[in-house]
Structures are given as structure tokens and as C-alpha cells.
Visitor: 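Sharing a structure, written as C-alpha cells. Questions coming.
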2 protein chains.
Amino acid sequence: MFVGMTGTTENQQAARRSDATRATILAAARERFAADGYEKVTIRAIARDAKIDPSMVMRYYGNKAGLFAAAVAIDPGLPGLPVEPREEIGRTLVRHFLTLWEENEELTALMRVGATDPAAAERMQSVLREQLIPLARRLGPEPDQAPARAALCASTVLGLALTRYVLRFPASMALGREEIVDWLGPTVQRYLTAPTP
Amino acid sequence: MFVGMTGTTENQQAARRSDATRATILAAARERFAADGYEKVTIRAIARDAKIDPSMVMRYYGNKAGLFAAAVAIDPGLPGLPVEPREEIGRTLVRHFLTLWEENEELTALMRVGATDPAAAERMQSVLREQLIPLARRLGPEPDQAPARAALCASTVLGLALTRYVLRFPASMALGREEIVDWLGPTVQRYLTAPTP
DNA sequence: AACATAGGCCAACACGAGTTGGCCAACAAG
DNA sequence: CTTGTTGGCCAACTCGTGTTGGCCTATGTT
């Protein structure tokens, strides 16, 4: 069984003929969720965007929650960041987050939904817990202050993301990329490395 | 006509016998909207909290949108802030926002809803436009930089509100009030008064 | 050629939501 | 006491949604 493969001996998952449709659905879902959150998005609308029948979404992703989970699966990959030079970590972090946000619209979706859905909020928190706090622990003076310092950094970059990508304040969207790095970089740098005020 | 008043010659609105119910509905609505946003909140649930019939909500507030509008009517009152001493404006602003947020749960509601509703987002933006930018213009070196500086301040305090009151990150909730002022105060101060980096 | 299977669509169900209109009881004015 | 008005409740309607099961048609295997 499972002979219908693509020629080479696959050890992963068999390439299904419907993979194109699956991807189309996922792309449409990401776009909709990023634009409108969770509740306001209808499976029918996503299906219409993907030019398939709503029941296909159910077949491939189980239910609406499953589709959302598949649409926002992403890893910010903070551990892979270069931590040197140490006095540049603030600017490096801000730049990394900006790139992340501009390339992955699912982050906007996650944020929109996290505002009202505890599960999505927990997913965001897990990034703080498993990636940002450890990073702060490696950098900060007193290790027991790592959660506080990491929380301040999270609030900084999420605040920018909120006003720029979610609420879409013109004054925030007007800021240039390097302008943001110049302003927020020192802030994050201070939160991570400065002595307690 | 209009004789059924409360004795004194009222020039405002006659005190209706149903004012107590109106207030109860509004309180329940604020609580629900602050907890769950807009879509997930049902008029039926609010009515249950207020121990009245759902149709009463309609009678008094027209429809769900009208109820929400009445529930989040609030003014941050930034123009009344003491702007002196000038080197304390950052800390003053942060303290003011903290108080505001802890006393008015409708701000949390507005933020939850703003994440997915353009109208609510516009309401938040109007605060930036009509109160924060003018304040930045009065303080900042170059007036044409006021929108950028104000946007950075908004992103700072909204970022904290997001992680602390909306997403409810434990690391952010653990921060003490004066601790926050000590960390964010200098940040806001710099955004408002420091020379362009 | 016959058949099995997977991809896709259609029509319908079930249910919860916002909203509506009419009925009843208390209160106040005449 | 009668009568109009106000506050409140009940039952129903309508609509959109997530979700389901059955049917059709390619595709590819034997």
C-alpha cells in the first residue's frame, strides 16, 4: 500500500494529489485570519477565496479551530540569533522582529486572535517563556530579573506591532524601518543589559 | 407635558425610573466586553448578568453596537496633565496611563475589540491624533517629528497594556507599578524630548 | 476494460445569534 | 376609580454559521 508516490523512496509523507488545494486553502485562511481575526472569518469566505467548496476545508483540516492552528504554525527562531556584539543585541532583536512581522502575516493573525482567545494568547506567551526569557537570562546582570526584563522587551516589540500592523495607526506605519531600529534598539538594549533603575 | 420630573426644575434629562436598570446593563456589558471582546459576547449573556430580559437591552441601547458604544465611552484626558517639570513628563505620562487602565476596564474592552474592529481602532487612534500628538508638538524639538514621537509613546504604553491587561502575561503582571514607571518613564521621556538618533 | 480510490461539489441539518412585536403589571395623573 | 404610560417579560422569527453525508467524476491500478 501507499504506492502512489513521486518516484523516489519517500520516508516522510506521501505527496498527495490534493496538496495544491491544501496549500491554497491555507494561504487564503492566513490572509483572512490576518485581516479579520477569528470570529468574523467564515469558512465559506475562505473557501470562496480558494475557489473550492466549504466542505473541503472540513475534510482537510477537521474544523475551523484546526484550520486556524495550521494557519498560524510558526516559530520565531530567537535561539538562532547572533548574540554578539553584546552592545548591539537590542538593535539586532528589533531588526529580527521587524523582518519576522513583515514576512509572516500569520503573526498579525495570531495577535488579532490573541486579543480575545486565551489559547492564542498562551501561544504568544510561550515564545516569551521559552525564547525571550532564556535570552534575557544569558544577557542580564541578575538572572532572577530575566522575566521582568524579557517582559519589557516583549511589550516593546508587541506594542510596535500592535500600532503598526494591527491597529494600523498612520503615524506608526509612516516610520521607516531603520528609524524604528534607531529608536527602539536602545530601549530594548537598556531593558536587557542596563542595571536596575 | 413632561411634568413627571423629580421636583426641582431639571434642565437636563428627566430622571427615569429605569435608570437603575440602564446602569446595571451598562456595568454588565463593560465587564463582558472587557473579558471577551465583541463577537463572543452575547446580548443574552449580558442580560442574564443584569438579571433582565434581552429585549430590554435592545429597548435601551438600540442594538449590540449601540450598547458597545455606550459601554466604552471614555476620555483619557491627556490635555489636563501637568506638563511640568519637563524632565518628569515621561514618568508622569506612564503613571497616568497606569491609573487610567486600572480604574477603567472599558479600556481593556476597547483594546480587545480594536484588534479586529476598525471602528474601535479608529477610536484609539483619535486619542493619539487629538491628544498625544499635540502634546508631543508642545514638547518636542522639531514639531514635524511630533507624529513619529507620539506614535512611539503610544506603542510603548499600549504594548505594556497589551501584555499586562489583555494577553495577561504573568511576567508582565508581576511588575510593580513603580517598577514600570522606573523602566518605561525614561523610555517615553527619550521618545518625547531626546534629539533624533 | 473493469474497478477502486481520492478529490470535489451539492444540499441539507442544527443551532445559536440579534432582533421584533405583543402582552401584562405597576405606577401616576385625571 | 379610570385611564394612560412606563418598565418588564415572553415567544417567535430570521439569518448566517459550522458541520455532515451522499453523490459524482476523474485518475490510476490491475
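Every chain is numbered from 1 and lettered A, B, ... according to where its sequence line falls, protein lines coming before strand lines.
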Visitor: Taking any heavy-atom pair under 4.0 Å as a contact, classify V41(A): base, sugar-phosphate, or nothing.
Guide: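 Sugar-phosphate, backbone atoms only, no base.
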
Visitor: State which of dG7(C), dG7(D), dT19(C) makes the closest approach to the side chain of Y60(A).
Guide: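 When the side chain of Y60(A) is considered, dG7(C) is the closest of dG7(C), dG7(D), dT19(C).
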
Visitor: Within the 3.5 Å criterion, strictly below it, is a donor on T187(A) or Y191(B) matched to an acceptor on the partner's side chain?
Guide: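 Yes, side-chain donor-acceptor contact under 3.5 Å.
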
Visitor: Using atom CZ of R48(B) as one end and atom C1' of dC9(D) as the other, report the distance to the nearest whole Å.
Guide: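 For the pair R48(B) CZ and dC9(D) C1', the rounded distance is 16 Å.
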
Visitor: Against the six-membered ring of F33(A), is K40(A) placed for a cation-pi contact (under 6.0 Å from the centre, within 45° of the normal)?
Guide: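 Verdict for F33(A): no cation-pi partner in K40(A).
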
Visitor: How long is the line joining CE of M56(A) and P of dC10(C), in whole Å?
Guide: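 My rounded result for the distance is 12 Å.
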
Visitor: Salt bridge check, E105(A) against R30(A): does any charged N sit closer than 4.0 Å to a carboxylate O?
Guide: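 Salt bridge between R30(A) and E105(A), a charged N being under 4.0 Å from a carboxylate O: no.
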
Visitor: Can you tell me the distance, in whole Å, between the CG atom of D19(A) and the C1' atom of dG7(C)?
Guide: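 Roughly 12 Å, once rounded to whole Å.
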
Visitor: Between R17(B) and G62(B), which residue's closest nucleotide on DNA chain C lies nearer the 5′ terminus?
Guide: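 The residue whose closest nucleotide sits nearer the 5' end is G62(B).
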
Visitor: Is a donor from one side chain sitting under 3.5 angstrom from an acceptor on the other, for Y165(B) and E102(B)?
Guide: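 Per modelled atom types, Y165(B) and E102(B) side chains form a pair under 3.5 Å.
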
Visitor: Starting at atom CG of L67(B), determine the distance to atom C1' of dT19(C), rounded to an integer number of angstrom.
Guide: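 Between C1' of dT19(C) and CG of L67(B): 14 Å.
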
Visitor: dA17(C) P sits how many Å from N63(B) CG, rounded?
Guide: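 My rounded result for the distance is 17 Å.
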
Visitor: Using atom CD1 of I25(B) as one end and atom P of dG7(D) as the other, report the distance to the nearest whole Å.
Guide: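 I25(B) atom CD1 is separated from dG7(D) atom P by 12 Å.
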
Visitor: Quick check: any donor-acceptor pair below 3.5 Å linking the side-chain of R44(A) to the base of dG18(D)?
Guide: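 Under the 3.5 Å cut-off, the side chain and the base do form a donor-acceptor pair.
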
Visitor: Answer with yes or no whether the side chains of T42(A) and R32(A) bring together a donor and an acceptor at under 3.5 Å.
Guide: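 No, no side-chain donor-acceptor contact under 3.5 Å.
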
Visitor: To the nearest Å, how far apart are K51(A) NZ and dC10(C) P?
Guide: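 Result: 15 Å.
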
Visitor: Closest nucleotide of DNA chain D for I43(A) versus for R59(A): which of these residues is on the 5' side?
Guide: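 The residue closer to the strand's 5' end, by nearest nucleotide, is I43(A).
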
Visitor: Nearest whole Å is fine: how far is dC13(C) P from M58(A) CE?
Guide: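 In whole Å, dC13(C) P lies 18 Å from M58(A) CE.
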
Visitor: Give a yes/no on whether any side-chain N or O of S55(B) is located under 4.0 angstrom from OP1 or OP2 of dT20(C).
Guide: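 It does not, given that no N or O in the side chain of S55(B) lies less than 4.0 Å from OP1 or OP2 of dT20(C).
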
Visitor: Just compare dG18(D), dG8(D), dT19(C) and give me whichever is closest to any side-chain atom of T42(A).
Guide: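 When the side chain of T42(A) is considered, dG18(D) is the closest of dG18(D), dG8(D), dT19(C).
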
